[in-house]
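As structure tokens, the structure follows; a few thoughts come after it.
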Amino acid sequence: MMQSPVVARQPSGAVVGRSLVVVQVLLVLSVWLCPGTASAQQKTLVLKGGKLLTVSHGTIDNGVLVMSAGKIAAIGAAGSVKVPKDAEVIDVSGMTVYPGLIDSESYLGLTEISAEGSTNDLIEISDEIMPHMHVYDAFHAESELIPVARLNGVTNAIVAPQSQDTLPGQDAFVQLDGKSANEMLLVRDIALPLNFTGEQRRNESWEKRKFPQTRMGLAAQLRQAFMDAQDYSERWSDYEKKKSDAAAKPDDKKGPPSPPKRDLKLEALLPYLQGKKSIVLAAQEPSDLETAVGLARQFKLRFVLNHVSHSQPVLDYVASLKVPVIVGPIYENPKNFERYDAVYKLPGELYKRGVKIAFASYDAHAVRNLPYAAGYATAFGLPHDEAIRAITLNPAEIWGVADQLGSLDAGKTANVVVADGDPLDVKTDVKRIFIAGRQVPMTSRQTVLRDRYSAK
Amino acid sequence: MRRRAVKIFSLAALGLLSFPLSAQQSAESTPHNECLIKNAVVMTVTHGNIQNGSIYVKDGKIAAVGKEVSVPASATVIDAGGKYVTPGIIDSHSHIALDDDVNEATSPVTPQMMMMDAFDYQDKAIYRGLAGGVTTSLLLHGSANMIGGQAIVIKHKYGANRDAMLFPGAPRSIKFASGENPKRVYGSKDQLPSTRMGNFAVQRAALVEAQDYMREWDDYAAKVKRGDKDAKPPKHDLRLEALADVLRGKLLVQIHCYRADELLTEMAMAKEFGYKVRAFHHALEAYKVADDLAAQGVAIATFSDWWGFKQEAWDAIPWNAVISMRKGVRVAIKSDSEDFARRLNQEAAKTMRYGGATEEEALKMITINPAWIIGVDDRVGSIEVGKDADLVLWDGYPLSSFGVPDKVLIDGDIYFDRSLAGFGMPHYREGE
């Protein structure tokens with residue numbers, strides 16, 4: 001009997017599959033079974049009097065939001081929502097209340113101090129094809145960076161490996177509160193980045209030359225990897241068929257077939273080849289974008305796009321692909337031939353063309369600045385509501401967790417932020433954060449230092 | 001020759017009426033450096049905000065500012081549409097336009113390096129900073145060396161020729177550095193310095209060398225004065241000449257320094273050798289020793305919230321600027337980055353959130369305070385009569401996530417106008 005280490009590590013304790021195919025199906029089904037720190041013992045909390053930005057159904061002035069057992073139990077205008085008798089009521093008059101923000105690409109938990117190598121687990125650079133690297137194996141739940149990010153209202157994030165490999169390993173979707181990595185890793189292996197930006201070339205110098213040295217080489221290497229995975233999948237199907245044939249004919253002298261040798265690298269590619277999970281396809285310029293999309297189509301991969309920062313001439317083509325785009329970083333410098341605002345305008349231009357967008361910090365220490373990038377995009381054509389949506393409900397939908405996150409709706413996980421103003425403005429101070437209905441302390445390593453040295 | 005500036009406050013008091021503005025047309029450029037900006041919230045930085053204010057610019061200078069100003073009919077009118085006008089942003093720590101020639105990392109003491117020699121005035125980063133409202137930048141040597149090169153001060157007049165971009169008469173600055181960078185750069189080559197002890201030993205030895213050099217020249221001068229015909233002049237040494245100017249107080253000393261203990265050591269060293277530190281740059285732990293900095297009158301040019309990129313940035317906190325300011329330190333927010341230089345207004349606004357700086361305090365951190373650090377605060381950094389007409393007209397409230405420049409004037413001339421096609425620069429055409 002075959003046991004996938006991936007499934008065995010699922011926090012939900014999902015049943016271990018009998019075959020590779022079953023394993024992959026279970027993997028998909030077992031997603032989102034453990035919503036963080038919710039607990040039935042939690043006190044019911046009520047936020048009363050604030051301006052609620054529901055994201056899904058407009059703004060409620062003077063609203064009431066009830067949190068119970070880790071979920072949003074009820075939400076509505078004052079008077080329309082029954083406040084439970086034993087609830088703790090928190091007056092948030094004058095405050096703005098919104099869903100926890102979601103960062104669609106971060107490196108939280110994979111780094112502590114950028115320049116100190118021993119604190120980094122960002123990327124495995126021994127080979128370009130590393131789909132069997134799992135962020136969940138390295139995610140450091142106790143990172144000092146997490147409370148810092150959280151204090152600005154970011155409650156959930158994609159954690160991705162850095163992008164120097166074409167296939168650097170699989171992303172995790174995390175919640176930024178919990179007693180352990182197990183609690184915080186909400187979805188393991190949620191997606192696989194496929195990076196094709198030119199940045200993955202590392203064998204260019206004539207002294208160090210080895211395959212792959214060029215974009216041609218990188219693309220050929222990728223195609224071979226996916227073809228190998230297709231062959232691998234067929235070997236297993238063939239084995240399954242022979243096994244069931246043998247089971248149907250117990251008297252056959254041949255006996256049961258022996259299983260193929262497992263290959264973790266190829267195995268990791270299967271859910272993506274089967275279209276069960278999304279590839280995150282990163283490209284910057286039109287030529288790379290079209291090569292990468294061609295590759296994804298050749299293998300019928302489901303994908304979302306990432307970056308496209310210098311693809312302004314082909315935005316209609318991007319829209320025609322009918323896939324979401326993780327956009328940014330919008331602070332990426334334009335090319336010298338581009339106008340100063342070429343990249344700033346991208347979110348607005350994509351939105352105008354009907355593309356669903358989400359913002360990402362592409363950082364670890366600066367995750368807290370995620371809402372400001374969205375805010376800046378509003379100065380370059382993105383409507384304000386859409387900017388908020390692009391760090392809440394849009395990413396929740398893109399990552400398949402919108403039934404739990406991304407808006408203030410009854411039944412969703414109570415990831416809720418209370419702030420003294422517009423979520424997108426740098427001047428806004430976040431006052432309270434609730435993750436799975438639990439009020440998170442407003443402290444970080446940085447607030448401790450602040451308090452120590454600002455005291456007289 | 002500067003014309004006599006008209007002080008608007010007194011004009012208003014005398015009951016003089018402003019020129020009727022409605023007959024005039026807004027224009028895309030102000031070719032004669034004379035214009036009237038009207039219908040603006042004028043954020044003067046030094047004298048509060050003027051609602052529905054006007055600024056009269058004449059010969060590239062601010063000739064009048066106030067609620068009502070008297071201007072000749074010939075002045076071009078720019079209607080700010082009720083939006084904000086601030087002084088041009090000043091970046092007191094930049095490495096743009098040097099085509100990566102930032103560090104002469106072949107010796108830890110290279111004060112004879114002149115950044116002017118590497119100034120790539122065609123670098124588009126100058127334009128992109130301009131489009132973010134930056135009008136003046138201090139281009140510094142990097143931090144590989146304990147004592148790096150001599151800086152230049154530029155105005156972001158993209159499209160102008162090289163010498164027209166230099167800030168006329170700006171004082172000379174020199175860059176010192178400490179901490180991880182020098183010890184890493186030379187330590188990795190098995191050279192001195194590889195520790196903080198080595199860093200400061202190198203710095204001290206260089207300053208002692210400069211003292212000896214000055215003494216040799218003083219001795220020679222004394223001999224000549226005595227009429228000693230056999231007196232031979234010492235050899236001219238460019239490197240020691242520059243250090244001597246540090247000791248003579250002719251150079252503003254700008255020190256890259258992160259940790260609190262090193263801030264203290266650098267101040268002790270300055271005291272020992274008798275020079276003044278103008279500003280500590282980065283200074284991410286200034287909040288720990290802010291009282292000492294305030295007592296010495298040393299400014300800081302810091303980041304708003306960048307942290308954790310190396311060990312010596314591990315204790316960086318976004319409250320650094322305001323804690324230090326409240327203890328009496330003059331604080332600037334600087335870019336040290338081609339990226340941040342494009343949105344320093346947003347970075348400054350963060351100090352309003354982290355520590356509760358007022359609007360004016362936040363604005364000072366990217367205008368008059370960095371102007372002081374560079375030594376040009378008598379010329380730029382606020383909207384005052386007689387100062388250079390370096391002005392930014394904003395599309396939204398500048399101290400927010402949403403404010404971006406509509407127009408940027410330098411010396412009264414529009415160098416950036418968002419409404420123009422192409423790059424938005426009246427003085428620049430690609431390929432010309």
Side-chain angles (χ1 to χ4, degrees), chain A residues 111-116 119 143-145 148 151-152 329 331-342 344 363-366 368-369 371-380 384 387 419-430 444-456, chain B residues 123-125 127-132 180 184 260 285 287-290 304-320 322-323 326-327 338-340 342-343 346-350 352-356 362 395-397 399-404 416 418 421-424 430:
Chain A
T111 181
E112 210 67 11
I113 299 173
S114 312
E116 295 300 319
T119 72
S143 167
E144 300 281 8
L145 280 65
V148 171
L151 287 190
N152 265 20
Y331 301 127
E332 168 107 4
N333 260 318
K335 302 282 182 190
N336 275 345
F337 57 82
E338 291 177 326
R339 191 177 147 99
Y340 80 104
D341 56 2
Y344 298 149
D363 207 292
H365 300 88
R368 61 178 165 197
N369 290 334
Y372 312 148
Y376 210 54
T378 67
F380 295 93
H384 189 271
D420 64 0
D422 183 344
L424 305 184
D425 193 9
V426 281
K427 290 189 303 299
T428 299
D429 200 13
V430 172
S444 70
R445 186 174 189 283
Q446 299 194 338
T447 64
V448 172
L449 283 165
R450 173 198 64 193
D451 295 344
R452 184 187 304 160
Y453 289 97
S454 54
K456 281 282 168 193
Chain B
D123 186 352
K124 280 268 171 64
Y127 152 61
R128 293 189 285 259
L130 169 72
E180 288 180 27
R184 187 189 65 248
E285 293 189 14
Y287 67 97
K288 297 183 181 178
V289 290
S304 61
D305 64 356
W306 206 32
W307 73 291
F309 43 96
K310 51 178 163 171
Q311 183 66 51
E312 62 191 357
W314 185 232
D315 275 9
I317 61 173
W319 294 273
N320 181 43
V322 176
I323 293 176
R326 294 274 175 256
K327 294 192 175 178
E338 202 182 320
D339 169 17
F340 286 135
R342 302 177 298 161
R343 49 193 166 99
Q346 199 184 96
E347 295 302 298
K350 287 176 181 172
M352 298 170 76
R353 183 260 166 94
Y354 296 113
D395 179 42
Y397 181 58
L399 293 159
S400 72
S401 297
F402 319 111
V404 297
F416 171 74
R418 191 187 189 192
F423 288 93
E430 191 80 340

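So you know, we letter chains A, B, ... as the sequences are listed, proteins then strands, and number each from 1. Basis for what follows: all heavy atoms, side chains included, without hydrogens, waters or symmetry-related copies.
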Do B/K124 and A/P334 have side chains that get closer than 4.5 Å, going by heavy atoms?
-> no
Please report the C-alpha distance between B/D305 and A/Q446 in whole Å, then the side-chain angles of each, then the deciding distance to 0.1 Å, and finally whether the side chain to side chain contact (heavy atoms under 4.5 Å, CB included) criterion is met.
-> CA-CA 11 Å; B/D305 64 356; A/Q446 299 194 338; over 6 Å; no
Could you tell me which of A/D341, A/N369, A/D422 has the largest number of non-hydrogen atom pairs under 4.5 Å with chain B?
-> A/N369
Region of A/F380 that comes under 4.5 Å of a non-hydrogen atom in chain B | both
Pick one of side chain, backbone, both or neither for B/A260, based on which atoms fall under 4.5 Å of a heavy atom in chain A.
-> neither
Just wondering, do B/D315 and B/Y287 contact through their side chains at under 4.5 Å, heavy atoms?
-> yes
Best-contacting candidate, B/E347, B/Q311, B/E180, against chain A by heavy atom pairs under 4.5 angstrom | B/Q311
With a 4.5 angstrom heavy-atom cut-off, could you sort out which part of A/P371 is near chain B: side chain, backbone, both or neither?
-> neither
Any donor-acceptor N/O pair, A/T119 side chain to A/I113 backbone, under 3.5 Å | yes
Side chains of A/H365 and A/S114: closer than 4.5 Å at any heavy-atom pair?
-> yes
Turns out that what part of A/V448 lies under 4.5 Å from chain B's heavy atoms comes down to neither
If one checks every heavy atom of A/T111 against chain B at 4.5 Å, the contacting part turns out to be neither
Interface moiety of B/W319 toward chain A, non-hydrogen atoms closer than 4.5 Å | side chain
Does any N or O in the side chain of B/D395 come within less than 3.5 Å of the main-chain N or O of B/V404, such that one atom is a donor and the other an acceptor?
-> no
Note: vs chain A, highest number of non-hydrogen pairs under 4.5 angstrom among B/K350, B/E338, B/R343 is B/R343
Interchain contact, A/E332 with chain B, by part (heavy-atom threshold 4.5 Å) | backbone
Given a strict heavy-atom distance threshold of 4.5 Å, which part of A/R452 is in contact with chain B: side chain, backbone, both, or neither?
-> neither
Most chain A-contacting option - heavy-atom pairs closer than 4.5 Å, from B/K310, B/M352, B/Q346 = B/Q346
Of B/W314, B/F416, B/Y354, the largest count of non-hydrogen pairs under 4.5 angstrom with chain A goes to B/W314
Heavy-atom pair count under 4.5 Å with chain B, highest-scoring of A/E116, A/E112, A/R445 | A/R445
For chain B, which of A/K427, A/E338, A/E144, A/H384 has the most heavy-atom pairs under 4.5 Å?
-> A/K427
Beyond-backbone contact of A/R339 with B/R418, side-chain heavy atoms, under 4.5 angstrom = yes
Determine yes or no for a side-chain-to-main-chain donor-acceptor pair under 3.5 angstrom, with B/K288 supplying the side chain and A/Y453 the backbone.
-> no
Main-chain N/O of A/T428 paired with B/R353 side-chain donor or acceptor, under 3.5 Å = yes
Could you look at B/A316 and say if it's the side chain, the backbone, both or neither that has a heavy atom under 4.5 Å from chain A?
-> backbone
For B/F340, is it the side chain, the backbone, both or neither that has a heavy atom under 4.5 Å from a heavy atom of chain A?
-> neither
List the steps, then state whether side-chain hydrogen bond (donor to acceptor under 3.5 Å, both in side chains) holds for A/Y372 with A/N152.
-> CA-CA 10 Å; A/Y372 312 148; A/N152 265 20; 2.9 Å; yes
When you measure from the centre of the six-membered ring of A/Y340, is the NZ or CZ of B/R342 under 6.0 Å away and within 45° of the axis?
-> no
Between B/F402 and chain A, which part of the residue has a heavy atom less than 4.5 Å away: side chain, backbone, both or neither?
-> both
Is there a donor-acceptor pair closer than 3.5 Å between any side-chain N or O of B/S304 and the backbone N or O of B/A348?
-> no
Considering only heavy atoms, which portion of B/N320 lies under 4.5 Å from any heavy atom of chain A: side chain, backbone, both, or neither?
-> neither
